[in-house]
Protein chains: 2
Amino acid sequence: MRTLGYAVLSLLSREDLSGYDLKRMMERPLGYFWSAKHSQIYPELARLEEDGYVTHRVVEQRGKPDKKVFGITAEGREALKAWVTEPPAGRAARDELVLKAYSVWLAEPGAAAALFEEQGRRHEEQLKQYEEIEAWMEKNWGESPGRMGFEDFASYAALRRGIGFERDYAGWCRWVAAGLKERQSG
Amino acid sequence: MRTLGYAVLSLLSREDLSGYDLKRMMERPLGYFWSAKHSQIYPELARLEEDGYVTHRVVEQRGKPDKKVFGITAEGREALKAWVTEPPAGRAARDELVLKAYSVWLAEPGAAAALFEEQGRRHEEQLKQYEEIEAWMEKNWGESPGRMGFEDFASYAALRRGIGFERDYAGWCRWVAAGLKERQSG
DNA sequence: GATTGTTATGTAAATACTGACATATTACGA
DNA sequence: TCGTAATATGTCAGTATTTACATAACAATC
C-alpha cells in the first residue's frame with residue numbers, strides 16, 4: 001500500500017469520517033505533516049474499501065447533502081499497526097527556500113533579506129499556533145508525556161515535531177536575513 | 001519555469017557541469033535540500049537549452065566516454081536571480097516518520113522505541129557529516145558570515161539549515177523513543 | 001428570486017517524479 | 001577474456017500529485 005493509504009487509515013483509526021471530513025483533516029491537523037487533495041482521497045477510499053481496509057455507510061443529513069461515513073476494519077487496523085514500526089522509505093528532501101538561499105549570492109542583499117524576514121515571520125506565526133495547541137494539550141492531558149493516554153501522546157509527539165521544526169526554521173530565516181543585511185551596507 | 005529548472009541553474013551558475021555531474025550533485029551536496037534523478041535532469045537540460053538558459057559543448061575525454069558540458073547563459077543567470085527573491089510556493093509538508101508517530105499508539109511500545117532510536121542514530125550521523133563540512137568551511141572561509149565571500153555565505157547558509165534540521169530531528173526522535181520506553185515497563 | 005457559500009462527491013487532464021529499460025566506452029581485476 | 005564497476009546519455013512506463021472540471025443539496029443573504 002502507498003503512504004496516502006496509511007495516512008487515511010491513521011485518521012480513521014481514531015474516528016469514523018467521511019471523505020469530506022478527511023479532506024479537511026488533510027488541511028489541519030494532519031496537513032502539518034501529510035497532505036492530500038480530495039481528488040486523491042476519494043479514489044483512495046475506494047481502493048481501501050476494495051482491499052477490505054475500510055467500510056462505509058450512507059448517512060442522511062438534515063440541511064446538508066447525504067454523506068458516506070467510512071470506518072476502519074480490523075484488517076485495516078492490523079495493516080496500519082504493522083506499518084507503524086517499519087522504517088520509513090528514504091524521503092527526497094525538497095525545500096525551495098533553502099535552494100533559494102543557496103543561490104542568494106546572485107541577488108540584491110536588501111531584497112533577499114526582506115524575503116527571509118517575511119518567511120521568518122510566517123514560521124513564527126505557525127509556531128505560535130502550534131504552541132497554543134501545545135498549551136491546550138498540556139492543560140487537558142497533563143504535562144508528563146509518560147502519564148497522558150497513549151493516543152494523546154502520539155498526537156503530542158507529532159505536534160512536538162512541528163514546534164521544533166518551526167522554531168528552528170524561523171531562527172534560521174532570521175539568521176540568514178541578518179547575514180544579508182550585513183552585506184547591504186558594509 | 002519549474003523548480004527543477006532553477007535547481008539545475010543554481011548549480012550551473014557556480015560552474016559548468018555535464019548532465020552526469022549534475023546527477024551527482026543532486027545526490028550531494030544539492031540533494032540535501034533538492035533532489036532529482038538523471039531521468040529528470042537530461043530532459044530538463046534539453047528544455048533549458050531550448051529556452052536559451054543554458055548552452056552546451058561536447059568535450060572529448062581519454063579513458064571515458066565523451067560528455068556534454070553545460071554552461072549558464074546571461075539570460076539563465078537573470079532568470080535565476082529574479083527567482084531567488086520571489087516568495088516560495090506553499091510547500092506540502094510530507095514526513096512519513098511524523099505520520100508514524102501520530103499512529104504510534106497502535107504499536108508495541110518496544111518495537112516503536114527501537115524504530116525511533118534507529119532513526120535518531122541516522123539523523124545524528126547525518127548531523128556529524130554536516131558538522132564536518134561546517135568545520136571545513138569555517139576554517140577555509142572564516143567564522144564570520146559577514147566576512148566570507150557572498151557565494152560561500154550562500155553555501156554556508158544552506159548547510160546551516162541542514163545542521164539545524166538534523167540536530168532538532170535527532171533530538172525529537174530520542175524524545176519520542178524515551179516516551180515510548182516509559183510505556184514499556186510502567 | 002438570484003447569488004453566494006458550505007457541504008458533499010466525484011472525474012479528467014496535466015504535471016511531476018520514480019524505477020526500469022537501453023546503450024556505449026573504458027578501466028580493472030579475476 | 002569475462003565480469004564488474006564507473007562514466008556517460010538517454011527513453012519509457014508507471015505512479016503520484018495537482019489543477020481544473022463537474023454536479024448537486026441546502027442555507028443564508030441580497
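Sequence lines set the chain letters: A, B, ... in the order given, protein chains first and strands last, and positions in each chain run from 1.
- By the 4.5 Å heavy-atom criterion applied to side chains, B/Q119 and B/K100 are not counted as neighbours.
- Straight-line distance from the NZ atom of A/K67 to the C1' atom of C/dG10: 17 Å, rounded to whole Å.
- For B/R24, the side-chain atoms get nearest to D/dT7 when compared with the rest of C/dT18, C/dG10, D/dT7.
- For the pair A/R14 and B/Y102, the cation sits on the ring face: its NZ or CZ lies under 6.0 Å from the ring centre, inside 45° of the axis.
- No side-chain heavy atom of B/H38 sits under 4.5 Å from any side-chain heavy atom of B/Y20.
- Using a 4.0 Å cut-off, no side-chain N or O of A/Q61 falls inside it from OP1 or OP2 of C/dT7.
- Computed from coordinates, the A/E96 CD to C/dA16 P distance equals 12 Å when rounded to whole Å.
- Between A/R94 and C/dT18 there is a side-chain N or O to OP1 or OP2 distance below 4.0 Å.
- Residues B/M26 and B/L4 have side chains in contact (heavy-atom distance under 4.5 Å, counting atoms from C-beta outward).
- Using a 4.0 Å heavy-atom distance criterion, A/K68 is classed as a sugar-phosphate-only contact.
- Atom C1' of nucleotide C/dT23 and atom CG of B/D66 are separated by 15 Å, given to the nearest angstrom.
- One can place CG of B/D21 at 16 Å from C1' of D/dG10, the figure rounded to the nearest angstrom.
- Near DNA chain C, meaning a heavy atom under 4.0 Å away, the residues from residues 34-45 of chain B are B/K37, B/S39, B/Q40.
- Rounding to whole angstrom units, OH of residue B/Y6 and P of C/dA16 are separated by 12 Å.
- A sub-4.0 Å separation between OP1 or OP2 of C/dT15 and a side-chain N or O of B/R2 is absent.
- In terms of position on DNA chain D, the residue among B/K64 and A/T3 whose nearest nucleotide sits closer to the 5' end is B/K64.
- Computed from coordinates, the A/R91 CZ to D/dT17 C1' distance equals 19 Å when rounded to whole Å.
- Between the CD atom of A/E49 and the C1' atom of C/dG10 there is a distance of 15 Å, rounded to whole Å.
- Cation-pi contact between B/R161 and B/F33: absent, since separation from the ring centre below 6.0 Å together with deviation from the ring axis within 45° is not met.
- In this structure, the side chains of A/R167 and A/Y130 stay at 4.5 Å or more apart for every pair of heavy atoms.
- If you check every strand for non-hydrogen atoms under 4.0 Å, A/R62 touches nothing.
- B/M137 places none of its side-chain heavy atoms less than 4.5 Å from the side chain of B/R160.
- Protein atom OH of B/Y20 is 15 Å distant from nucleotide atom C1' of C/dT23, rounded to whole Å.
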